[in-house]
J.: 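First the structure, which I've put down as structure tokens, then a few questions once you've had a look.
Predicted model, so just to flag it, every value in this text is computed and none were measured. Quick note on labels: first sequence line is chain A, next is B, and so on, each numbered from 1.
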2 protein chains.
Amino acid sequence: MSGTTAVRDARPGRSRRQGNPTILDVAERAGVSKSLVSLALRGSPMVREEKRKAVLRAAEQLGYRPNAVARSLVRNRTNVIGVMLSDLHNLYFAEVVDGIEAEALSAEYRALINTGSRMAEREWAAIETLLQLRTDGLILAGPVLPASLILSAAASVPVVLVARASRWPSVDSVTNDDRAGARMAVDHLVALGHRDIAHVDGGTGAGAASRRSGYLEAMRDHGLARVAAVAPGTFTEEGGAAGIDRLLASRARPTAVFVANDLAAVGALHALERHGAGVPEDVSVVGYDNTALAALGHIDLTTIDQPRREIGATAVRLLLERLDDGRHRGRHVVLSPRLVVRGTTRPPRGRSIAATPAPE
Amino acid sequence: MSGTTAVRDARPGRSRRQGNPTILDVAERAGVSKSLVSLALRGSPMVREEKRKAVLRAAEQLGYRPNAVARSLVRNRTNVIGVMLSDLHNLYFAEVVDGIEAEALSAEYRALINTGSRMAEREWAAIETLLQLRTDGLILAGPVLPASLILSAAASVPVVLVARASRWPSVDSVTNDDRAGARMAVDHLVALGHRDIAHVDGGTGAGAASRRSGYLEAMRDHGLARVAAVAPGTFTEEGGAAGIDRLLASRARPTAVFVANDLAAVGALHALERHGAGVPEDVSVVGYDNTALAALGHIDLTTIDQPRREIGATAVRLLLERLDDGRHRGRHVVLSPRLVVRGTTRPPRGRSIAATPAPE
DNA sequence: CCTTCGTCTTGGAACGTTCCAACAAGCGGC
DNA sequence: GCCGCTTGTTGGAACGTTCCAAGACGAAGG
């Protein structure tokens with residue numbers, strides 16, 4: 001216990017006091033070799049208790065912080081999962097990221113997010129950055145990139161697609177069963193007594209095609225193929241409003257509308273209001289995604305919920321399967337949606353309802 | 001031009017065909033030294049055109065991708081700005097990040113995001129990760145961390161606070177002039193003819209205190225101190241609704257309410273509806289933040305806009321000042337908000353209005 | 001023909017870790 | 001009194017870059 005008479009100035013010239021302290025500074029102060037410091041800090045059982053304490057104390061005193069860059073270089077592994085988010089403004093992805101982070105954390109990985117503002121070029125730049133940083137795997141959430149680029153990324157690192165289907169063996173994917181979700185929406189409306197049910201679709205948006213065909217299938221199955229009507233729209237507020245405008249311009253007002261996502265549904269709500277149609281008295285509306293928007297009391301939208309956290313968690317698990325278990329076959333997971341009934345749907349006028357009829 | 005008879009198998013044993021190609025593989029294929037490859041790829045003017053082409057071609061053929069990890073290690077600089085986002089679910093930050101990315105990109109930096117789910121502990125973990133990755137600077141967006149931890153991060157890397165004020169010289173900050181914003185809201189309502197203006201506040205949320213005192217000051221300046229009323233709330237939908245409930249329970253209905261943020265304002269809208277008060281016929285409502293929510297046609301909320309992109313861009317610029325110019329004094333930038341008039345405000349009943357009076 | 005000077009090009013050191021083979025010391029067994 | 005084993009500890013090599021001092025090679029100047 002001779003105290004602080006450490007080896008200290010072993011190197012006469014430069015005293016190593018510049019920049020962040022390294023493992024060597026810790027070693028010097030603790031009076032051991034750099035290797036032992038490395039061992040001790042990583043909690044190896046091969047280190048004598050006494051030395052471990054000395055190392056920990058020295059590290060603490062110096063404010064030592066491991067250099068992940070150096071570590072990654074030698075280990076050839078970063079323990080980082082790169083997440084390319086096509087759109088930060090879409091709340092849908094926020095919860096997916098929650099799932100990603102939780103699952104990654106529990107496997108000793110960190111998630112780093114880079115975004116691509118819905119532009120293919122920016123998305124590729126984001127991915128390129130993550131690849132150069134040598135992230136161990138990549139999760140692409142809602143990319144609008146051409147498939148060729150996705151495949152080229154997958155050539156150097158495991159890639160999982162979220163909210164975009166993949167058929168390739170080298171790229172896994174996690175998607176929602178949008179077709180089934182659309183059927184749920186129609187089934188719900190039919191069960192309430194609606195027959196004249198229209199659809200405002202999402203154009204070329206992710207999942208829009210499946211939702212459209214799910215709608216058409218369900219209508220057919222209920223013997224309503226003849227009244228089925230699809231108005232073109234987009235996944236935006238304006239798209240939903242424009243869809244309603246077009247719908248009402250071309251035909252009699254339906255008693256219910258299934259809109260391709262929540263944001264567009266809110267646009268539809270507003271457009272219906274403009275056209276003097278009350279929701280839900282005159283027209284019932286169903287959205288899709290169950291975003292925070294739908295849950296607002298002021299909007300209170302019946303919608304289809306996607307298990308977003310689960311989607312994110314699954315994406316990480318798929319990545320880890322390739323990373324840790326060395327899987328090579330492609331896996332394409334499809335998760336099931338769920339109907340969430342709120343205030344924008346009710347039986348059409350003239351149909352009684354089991355519960356207390358609305359007073360007004 | 002003897003073609004492809006490259007030096008190739010200089011190393012007899014291992015043929016270097018494993019993992020990603022390195023600068024050495026490129027050098028071998030191009031028949032030059034690793035140093036020249038490094039120079040050529042970075043666009044040095046000291047490289048003869050002929051060799052540059054050879055290097056570029058070899059790199060292309062091998063699918064070479066620079067290893068940012070190795071580069072960072074030797075340069076002791078990553079060219080990465082770490083962004084700790086307290087809450088991915090808050091759309092307010094999405095646009096701040098847009099500003100950050102745009103500005104960072106134009107300075108040859110990339111932004112990497114890590115999130116902290118509004119929990120101090122998670123936030124610190126996120127920051128620690130970014131520090132271990134040796135990001136060149138840190139932007140903390142809306143942190144709920146204790147100041148001591150912020151300061152300890154600032155000891156090793158430049159730190160800029162967004163949406164949280166700093167007085168410390170070692171930590172810069174970019175905030176909005178919330179006090180001025182609140183005054184704008186009150187001024188607008190007073191100009192419309194309102195006198196009985198209440199406030200639902202944001203509790204301990206970021207900026208809530210300034211907004212509250214801005215409201216009180218403005219009321220005083222207009223000689224309305226006696227009718228000023230503050231109902232406690234939070235920055236959530238429920239908080240806004242609860243604030244209205246409390247307000248109406250304790251006093252006569254005001255003709256206008258200024259709510260501390262948009263989300264709470266939407267909650268207030270819903271609560272007023274519940275209480276049978278029409279907006280804006282009976283009560284005018286002003287929110288704060290001008291989130292996408294406020295702009296929805298169906299909500300159409302008058303609100304105070306913060307220059308979010310500008311806030312993000314400014315944060316990056318502050319960081320670069322420390323990084324490139326070596327500034328050491330603290331800078332605390334305060335940006336000005338702007339009133340956005342939409343459909344939830346109008347003159348109180350009985351007051352005429354210059355424009356066409358609403359027909360109903 | 002030898003210097004000197006520019007223009008290119010090169011090998012070696014460094015960055016801060018981890019990994020590995022090797023070593024030191026103690027200890028029991030023969 | 002040496003062997004082998006276990007338990008700790010160590011220095012050197014490696015990871016893939018960048019940086020730097022120095023080398024190669026002509027061309028120009030004496």
Side-chain angles (χ1 to χ4, degrees), chain A residues 7 10-11 13-14 16-28 30-55 59 62-80 131-134 136 156, chain B residues 7 10-11 13-14 16-28 30-55 59 62-80 131-134 136 156:
Chain A
V7 193
R11 307 196 192 188
R14 51 197 293 252
R16 277 202 65 75
R17 278 278 50 80
Q18 47 174 357
N20 296 312
T22 77
I23 213 178
L24 271 106
D25 298 308
V26 177
E28 192 172 296
V32 298
S33 74
K34 64 175 183 11
S35 303
L36 194 70
V37 173
S38 176
L39 253 16
L41 290 178
R42 283 177 295 153
S44 156
M46 291 281 86
V47 179
R48 205 187 311 164
E49 192 52 26
E50 184 189 332
K51 301 252 179 178
R52 172 194 314 290
K53 286 218 182 100
V55 168
L62 290 172
Y64 170 78
R65 173 147 34 220
N67 184 330
V69 173
R71 170 195 296 238
S72 299
L73 183 59
V74 55
R75 302 207 29 214
N76 196 25
R77 180 168 255 235
T78 54
N79 270 61
V80 169
L131 288 175
Q132 292 194 4
L133 288 170
R134 296 297 194 265
D136 293 337
S156 41
Chain B
V7 195
R11 307 196 192 187
R14 51 196 294 251
R16 279 204 61 75
R17 279 277 49 82
Q18 46 173 357
N20 296 313
T22 77
I23 214 177
L24 271 104
D25 299 307
V26 177
E28 192 171 295
V32 299
S33 75
K34 63 175 184 11
S35 302
L36 194 70
V37 173
S38 175
L39 252 16
L41 290 178
R42 282 178 295 153
S44 157
M46 290 281 88
V47 180
R48 206 188 310 162
E49 192 53 27
E50 184 189 332
K51 303 251 179 178
R52 172 196 312 292
K53 286 218 182 97
V55 168
L62 291 173
Y64 170 77
R65 176 151 28 226
N67 185 329
V69 174
R71 172 196 295 241
S72 298
L73 182 59
V74 56
R75 301 205 31 213
N76 197 24
R77 177 168 258 234
T78 53
N79 270 58
V80 168
L131 288 175
Q132 292 194 4
L133 289 170
R134 295 296 194 264
D136 293 337
S156 41

J.: For residues S156(A) and R65(B), is any side-chain donor paired with an opposing acceptor at under 3.5 Å?
T.: yes
J.: Rounded to whole angstroms, how far apart are CG on L133(A) and P on dG16(D)?
T.: 16 Å
J.: Report the residue (N76(A) or K34(A)) whose heavy-atom-nearest nucleotide on DNA chain D is the more 5′ of the two.
T.: K34(A)
J.: Specify the separation, in whole Å, of atom CG of D25(A) and atom P of dC15(C).
T.: 11 Å
J.: Less than 4.5 Å apart, any side-chain heavy atom of M46(B) and any of L39(B)?
T.: no
J.: Might you point out which heavy atoms bring R71(B) and P66(B) nearest each other, and give the distance in Å?
T.: NH2-CB, 4.4 Å
J.: How long is the line joining CZ of R77(B) and C1' of dT17(D), in whole Å?
T.: 17 Å
J.: Please report the shortest heavy-atom distance between V55(A) and V26(A), naming the atom on each side.
T.: O-CG1, 3.9 Å
J.: Would you indicate whether the side-chain heavy atoms of R134(B) and N20(A) approach each other to under 4.5 Å?
T.: yes
J.: Which atom pair, heavy atoms only, marks the closest approach of P21(B) to G63(B)?
T.: CG-O, 3.8 Å
J.: State, to 0.1 Å, how close V37(B) and I23(B) come at their nearest heavy-atom pair, and which atoms those are.
T.: CG1-CG1, 3.4 Å
J.: Please examine the side chains of N67(A) and T22(A), heavy atoms only from C-beta on, and report whether any two atoms are closer than 4.5 Å.
T.: no
J.: CZ of R134(B) versus C1' of dC15(C): gap in Å, rounded?
T.: 12 Å
J.: Tell me, which of residues 63-74 of chain A have any heavy atom that sits under 4.0 Å from an atom in DNA chain D?
T.: L73(A), V74(A)
J.: Would you say S33(A) places a side-chain N or O within less than 4.0 Å of OP1 or OP2 belonging to dT10(D)?
T.: yes
J.: If you take any heavy atom closer than 4.0 Å to DNA chain C, which residues from residues 35-51 of chain A end up in contact?
T.: S35(A), S38(A), R42(A)
J.: May I have the distance from I23(B) (atom CD1) to dC15(D) (atom P), rounded to whole angstrom?
T.: 14 Å
